[in-house]
Amino acid sequence: MPELIEPTVDLRDSWLESSREWGTEHQDGTGVGEADDLTTVEGFVAWTERLREQSDDSRPIAPDRVHATYWWIVEDGNYLGAITLRHALNAKLLEGGGHIGYGIRPSARRRGLASWALGQVLDVARERGMDRVLITCDEDNTASAKTIERNGGELEDIRETWLGTARRYWIKL
C-alpha cells in the first residue's frame with residue numbers, strides 16, 4: 001500500500017535510481033532547484049531539510065519561492081514519486097505550475113498512484129482552508145490531464161506559459 005511521507009535522506013538510493021529512470025535530476029513535484037547538489041549525501045541532506053523548512057509558514061523563504069509541503073510517494077521502502085502542495089500562488093505559479101505539482105517515476109506509472117496521491121493532497125488543501133486549487137500540466141500530457149479530471153478538475157484554458165503550452169485546471173474543494 002502506498003503512503004505519503006516527508007522527504008528523507010533514508011530513501012536517497014531509491015530517489016537516485018528514480019532520477020536515472022527520468023534521465024535527469026529534475027522530477028516533477030520534487031522541488032529540486034538548480035543550486036541543489038544531489039550527488040553528495042551532504043547535498044541531499046541539505047535539499048531534504050530545505051523542503052521540510054519550506055512547509056513551515058512561519059519561516060522566511062527565498063523571495064521567488066512560496067511555502068509548500070512536499071511528500072514522497074513510497075511503497076515498501078521504495079520511492080515512487082512526489083507531490084507538492086503550494087500554500088499560495090505568486091504570479092509565476094498562477095500562470096503555470098499551480099498549487100499542486102506531482103510526478104511518478106516511469107517504472108511506477110499506470111498504477112493510479114498520481115490519482116491516489118492527488119486525492120490525498122486535496123484533502124490536506126481542504127484542511128488548510130483552501131477553497132480551490134490550480135493544477136497545470138503540459139498540453140500533451142494526457143495521463144496527467146485525466147488524473148486531474150478524475151479528481152474534479154475543470155479545464156479553464158490552454159495557454160502559453162513559462163513552462164510551455166499548458167492545460168490549466170481548477171478544482172473546487
Side-chain heavy atoms nearer than 4.5 Å, only ILVMFWY residues, links allowed to pass through others: does that put [X] and [Y] together?
X: V66; Y: I83; result: no
X: L118; Y: W116; result: yes
X: L163; Y: W22; result: no
X: L11; Y: V9; result: yes
X: L89; Y: L173; result: no

If you apply the rule side chain to side chain contact (heavy atoms under 4.5 Å, CB included), what do you find for Y102 with T147, and how did you get there? CA-CA 11 Å; Y102 55 85; T147 293; 3.7 Å; yes
Among pairs that include at least one residue of [range], which meet salt bridge (charged side-chain N to carboxylate O under 4.0 Å, His left out), considering only residues two or more places apart or in two chains?
range: residues 62-82; answer: E75-R111
range: residues 156-173; answer: E149-R167, E156-R159, E156-R168, D157-R159, D157-R168
range: residues 115-135; answer: D57-R128, D123-R126

Using every non-hydrogen atom in the two residues, find where [X] and [Y] come nearest and quote the distance to one decimal.
X: S144; Y: C137; result: OG-CB, 3.5 Å
X: S18; Y: R105; result: OG-CB, 3.2 Å
X: G43; Y: L38; result: O-CD2, 4.3 Å
X: A108; Y: L113; result: O-CD1, 3.5 Å
X: N151; Y: S115; result: ND2-OG, 3.2 Å
X: I171; Y: G152; result: CG1-C, 3.9 Å

Atom pair [atom1] ([X]) and [atom2] ([Y]), whose distance is rounded to the nearest 0.5 Å:
X: Q54; Y: H87; atom1: CD; atom2: NE2; result: 8.5 Å
X: L4; Y: T69; atom1: CG; atom2: OG1; result: 11.5 Å
X: I135; Y: I100; atom1: CD1; atom2: CD1; result: 4.0 Å
X: S55; Y: R50; atom1: OG; atom2: CZ; result: 11.5 Å
X: T8; Y: L51; atom1: OG1; atom2: CG; result: 11.5 Å

Is there a donor-acceptor pair under 3.5 Å between the side chain of [X] and the backbone N or O of [Y]?
X: D138; Y: D140; value: no
X: E21; Y: S107; value: yes
X: D56; Y: R52; value: no

After noting the C-alpha distance and the side-chain angles of K146 and T142, does the key distance pass the side chain to side chain contact (heavy atoms under 4.5 Å, CB included) rule? CA-CA 6 Å; K146 287 180 180 177; T142 306; 3.7 Å; yes
Residue pairs, two or more places apart or on separate chains, that pass ring pair (Phe, Tyr, Trp, His ring centres under 6.0 Å) and touch residues 41-60: W15-F44, W15-W47, F44-W47, W47-W72
Side chain to side chain contact (heavy atoms under 4.5 Å, CB included) evaluation trace for Y79 with L16: CA-CA 9 Å; Y79 171 88; L16 290 172; over 6 Å; no
Does one side chain, of T48 or Y70, offer a donor that lies under 3.5 Å from an acceptor on the other? no
Excluding sequence neighbours, so at least two apart, what forms salt bridge (Lys or Arg N to Asp or Glu O under 4.0 Å) with E49? none
Enumerate donor-acceptor pairs with a distance under 3.5 Å from any side-chain N or O in residues 91-99 to protein atoms, sequence neighbours excluded.
| from | atom 1 | to | atom 2 | distance (Å) |
| --- | --- | --- | --- | --- |
| E95 | OE2 | W162 | N | 2.9 |
| H99 | ND1 | L134 | N | 2.9 |

